J.: 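The structure that follows is given in the form of structure tokens.
Basis for what follows: all heavy atoms, side chains included, without hydrogens, waters or symmetry-related copies. Keep in mind it's a predicted model, so treat the numbers as computed, not measured.
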Amino acid sequence: DTAAPLLRALADRFEVVDMRDAASAELLGTTTGVDDAFLSLGREKMTTPAQAWPDEPAPDVMLCVQSDMNHVGAGALAGAVLSTLREWRVKPEHVCVVEGIPRIDRDIYGLFEQQFPGVRFYPFADVWDRGLPVSAEQTWLTTRFHVHMAAAAAGASGVAFSISPDYYATKHRSLIELGSEWTLVDNFSEVPERPTAGGFDQETIASCGQAKLELAKAVYAPTS
């Protein structure tokens, strides 16, 4: 709260200020926008599970959880994920671990890998080259904001684990308020129910993408 006057003073020096969540927008006296990734969501063809796993059944549950910026602790997050997979009675061969950042997004799984062997792995190099293997039939478990966004844009349901109440929780809530219909978990002692529906509708993706495109054009428009 004590930093609010400084933040407002600094923001006033910019011609364009765009915020992704309502609380931040209210703090700086501007309207709520959306993330820059909406410039491409819905416009680029994503890798499908059938393309990523052409010779075997695609995993039902996708997992992307991080060890960085984790305020709850690695053990607490690993325990919450493992408890969730067991409660949902998901078989290991139906799960895939995805790297959003190399190595950092495998550390948590490494803590319970021996208790849940047989999980598939999709490295960051494949994400970079081929995109996320996403579909509306999947259920995602993630801590990462942009993974939540991309999976929900494909129509996938999911659970977002809040590992930072002042940072990631705000980011995930902004997507839920936008219409992702995901579950946000901040109490790791309780196992969430497996969602049966979720994801952004196409109208939301289109309107957010158009709004972001118009802002981008205004920012980069040539000046006379």
Side-chain angles (χ1 to χ4, degrees), residues 35 37 46-47 49 52-53 58-135 138-154 156-176 180 182-195 198-199:
D35 190 84
M46 303 290 285
T47 296
W53 295 280
D60 299 322
V61 176
M62 305 295 287
L63 179 65
C64 181
V65 289
Q66 66 198 86
S67 57
D68 64 318
M69 299 182 68
N70 184 348
H71 295 179
V72 301
L77 178 58
V81 172
L82 179 59
S83 296
T84 300
L85 293 174
R86 284 178 169 172
E87 181 71 20
W88 291 358
R89 301 185 183 277
V90 181
K91 296 180 179 180
E93 60 268 24
H94 294 169
V95 179
C96 177
V97 173
V98 177
E99 276 187 329
I101 295 181
R103 185 187 60 78
I104 291 175
D105 290 352
R106 185 165 182 156
D107 288 350
I108 300 299
Y109 171 61
L111 295 178
F112 65 88
E113 185 174 6
Q114 291 184 347
Q115 286 73 43
F116 211 71
V119 172
R120 280 174 273 188
F121 184 67
Y122 197 80
F124 175 77
D126 286 350
V127 177
W128 184 263
D129 290 338
R130 305 164 63 188
L132 285 175
V134 291
S135 75
Q138 296 169 334
T139 304
W140 281 75
L141 301 174
T142 188
T143 58
R144 292 209 175 276
F145 170 77
H146 285 100
V147 170
H148 177 172
M149 184 189 307
S157 60
V159 173
F161 288 96
S162 172
I163 58 173
S164 173
D166 292 333
Y167 184 65
Y168 273 108
T170 301
K171 290 159 69 74
H172 285 299
R173 284 195 189 97
S174 71
L175 296 177
I176 294 170
S180 77
W182 280 34
T183 301
L184 179 64
V185 172
D186 51 18
N187 183 357
F188 287 7
S189 65
E190 299 179 359
V191 174
E193 293 185 5
R194 182 167 181 173

J.: With no hydrogens and no angle check, is any side-chain donor or acceptor of E99 less than 3.5 Å from a backbone partner on P123?
T.: no

J.: For the pair R144 and V98, evaluate side-chain contact (heavy atoms from CB on, under 4.5 Å) and give the outcome as yes or no after the intermediate values.
T.: CA-CA 11 Å; R144 292 209 175 276; V98 177; over 6 Å; no

J.: Not counting sequence neighbours, which residues clear side-chain hydrogen bond (donor to acceptor under 3.5 Å, both in side chains) with N187? List them please.
T.: S189, E190

J.: Checking the side chain of Q66 only, and the main-chain atoms of I101 only, is there a donor and an acceptor separated by less than 3.5 Å?
T.: no

J.: Starting at NE2 of H71, measure out to OH of Y167 and round the result to the nearest 0.5 Å.
T.: 10.0 Å

J.: So do C96 and W53 actually touch side chain to side chain, heavy atoms under 4.5 Å?
T.: yes

J.: Is there a side-chain contact between V81 and Y109 (heavy atoms, below 4.5 Å)?
T.: no

J.: Kindly say whether V159 contributes a backbone atom to a donor-acceptor pair with the side chain of H172 at under 3.5 angstrom?
T.: no

J.: Between S83 and A80, is there a donor-acceptor pair closer than 3.5 Å when you use the side chain of the first and the backbone of the second?
T.: no

J.: Nearest 0.5 Å, please: how far is CD1 in I176 from CG in L184?
T.: 4.5 Å

J.: If you look at every heavy atom in G75 and L111, which pair is closest and at what distance?
T.: N-CD1, 4.3 Å

J.: List for me each residue that meets ring-ring contact (aromatic ring centres under 6.0 Å, His included) alongside W182, sequence neighbours excluded, and say none if there are none.
T.: H148

J.: Starting at CG of D126, measure out to CZ of F124 and round the result to the nearest 0.5 Å.
T.: 10.5 Å

J.: Between R173 and S162, is there a side-chain heavy-atom distance shorter than 4.5 Å?
T.: no

J.: How many angstroms lie between OG in S67 and CG in D105, if you round to the nearest 0.5 Å?
T.: 7.0 Å

J.: Taking all heavy atoms of A169 and all of P165, pick out the closest pair and write down the distance.
T.: CB-O, 3.5 Å

J.: CG/L85 to NE2/H94 distance, rounded to the nearest 0.5 angstrom?
T.: 13.0 Å

J.: Please test M149 against K171 for side-chain contact (heavy atoms from CB on, under 4.5 Å), starting from the C-alpha separation and ending with a verdict.
T.: CA-CA 10 Å; M149 184 189 307; K171 290 159 69 74; over 6 Å; no

J.: Mark yes when over 12 heavy atoms from residues, nucleotides or ligands other than E87 sit less than 6.0 Å from its CD; otherwise mark no.
T.: no

J.: Please assess L175 against F145 for the test side-chain contact (heavy atoms from CB on, under 4.5 Å), listing each intermediate value before the final yes or no.
T.: CA-CA 8 Å; L175 296 177; F145 170 77; 3.5 Å; yes

J.: For S135 versus Q138, what's the shortest heavy-atom pair and its separation?
T.: N-OE1, 3.1 Å

J.: Can you list the residues that meet the side-chain hydrogen bond (donor to acceptor under 3.5 Å, both in side chains) rule with T142, with sequence neighbours excluded?
T.: none

J.: Over all heavy atoms of both residues, which pair between Y122 and G131 is shortest? Give the atoms and the distance, please.
T.: OH-O, 3.0 Å

J.: In Å, rounded to the nearest 0.5 Å, how long is the span from CZ of F161 to CG of N70?
T.: 11.5 Å

J.: Can you check whether R86 reaches V191 side chain to side chain, under 4.5 Å on heavy atoms?
T.: no

J.: Using modelled atom types only, decide if a donor and an acceptor are shared between the side chain of W88 and the backbone of P192 within a distance under 3.5 Å.
T.: yes

J.: Got a sec: does the CD of E193 have more than 12 other heavy atoms crowding it under 6.0 Å?
T.: no

J.: What I'd like to find out is whether the side chain of T139 reaches to under 4.5 Å of the side chain of D60, using heavy atoms alone.
T.: no

J.: If you take all heavy atoms of I163 and Y168, which pair is closest and at what distance?
T.: CG1-CD1, 4.0 Å

J.: Between V61 and R194, is the side-chain contact (heavy atoms from CB on, under 4.5 Å) condition met? List the steps.
T.: CA-CA 10 Å; V61 176; R194 182 167 181 173; 3.7 Å; yes

